[in-house]
Amino acid sequence: MAERSLRGMKIGAHSLESDSGVAFVARREESYRCEDGHTFTVTFAEDAEAPLTWECKCGKPAELIGGGDNEEESKQAKPQRTHWDMLLERRSEEELKVLLEERLELLRTGRLYKRRR
């Protein structure tokens, strides 16, 4: 029965979906040139950042033409938050010293971790 329902149909050759009602995202093209002189374009979404280098069909890196005017340098780098910074947002140093002394006392008396025998 399954063979009859698929008869006359090229499986995988044709899609049964149509393009009606599909809204494409706004696009733009960026040009790249490799050291061998090959020039090509790559299509990106309008809001996507184009990388400064792209691999050419010859395998060599290609540079972005007329773009990337030090955009990375113009962005203000946010300082990286460390664990210590996040801890200080929740507690003061005096509170941390008290907690440390409490935990050290529990560790020294053996009440923090019970040994399994």
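Throughout, numbering of the chain's residues begins at 1 and tracks the sequence. Values below: every heavy atom of this structure, side chains too, minus hydrogens, waters and symmetry copies.
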Asker: Are any non-hydrogen side-chain atoms of V25 and E46 less than 4.5 angstrom apart?
Answerer: no
Asker: In the structure I gave you, are the side-chain heavy atoms of Y32 and I65 within less than 4.5 Å of one another anywhere?
Answerer: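 The answer is no; the side chains never approach within 4.5 Å.
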Asker: Quick one: are H38 and C58 in side-chain contact, heavy atoms under 4.5 Å?
Answerer: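 Touching, per the 4.5 Å side-chain cut-off.
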Asker: Check T53 against E63 and note the closest heavy-atom contact, atom names and distance.
Answerer: CG2-OE2, 3.4 Å
Asker: Would you indicate whether the side-chain heavy atoms of C56 and F40 approach each other to under 4.5 Å?
Answerer: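 Yes - at least one pair of side-chain heavy atoms lies under 4.5 Å apart.
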Asker: With side-chain contact (heavy atoms from CB on, under 4.5 Å) as the test, would you mind laying out the steps for L99 and R91 before giving the verdict?
Answerer: CA-CA 10 Å; L99 285 173; R91 296 204 164 102; 3.8 Å; yes
Asker: Taking the six-membered ring for Trp, are W54 and F44 parallel (under 30°), tilted (30 to 60°) or perpendicular (over 60°)?
Answerer: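 Perpendicular.
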Asker: Rounded at 0.5 Å granularity, tell me how far CD in E29 sits from OG1 in T43.
Answerer: 4.0 Å
Asker: Under a 4.0 Å N-O cut-off, is there an ion pair linking E101 with R103?
Answerer: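 A salt bridge is absent here (no side-chain N lies under 4.0 Å from a carboxylate O).
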Asker: List, by chain and number, the other hydrophobic cluster members for L104, where Ile, Leu, Val, Met, Phe, Trp and Tyr join if side-chain heavy atoms come within less than 4.5 Å, directly or indirectly.
Answerer: L100
Asker: Can you tell me how far CG of L88 sits from CG of L96, rounded to the nearest 0.5 angstrom?
Answerer: 6.5 Å
Asker: With rounding to the nearest 0.5 Å, note down the distance linking CG in L87 to CD in E93.
Answerer: 9.5 Å
Asker: Are any of the side-chain nitrogens in E89 or R81 under 4.0 Å away from the carboxylate oxygens of its partner?
Answerer: yes
Asker: Could you state the interatomic distance from NZ (K60) to CG (D36), rounded to the nearest 0.5 Å?
Answerer: 3.5 Å
Asker: Provide the closest heavy-atom pair for S31 versus L64 in the form atom of the first, atom of the second, distance.
Answerer: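 Looks like O-CD1, 3.5 Å.
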Asker: Got T41 and E30 here, is their nearest side-chain heavy-atom distance under 4.5 Å?
Answerer: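 No, every pair of side-chain atoms sits at 4.5 Å or beyond.
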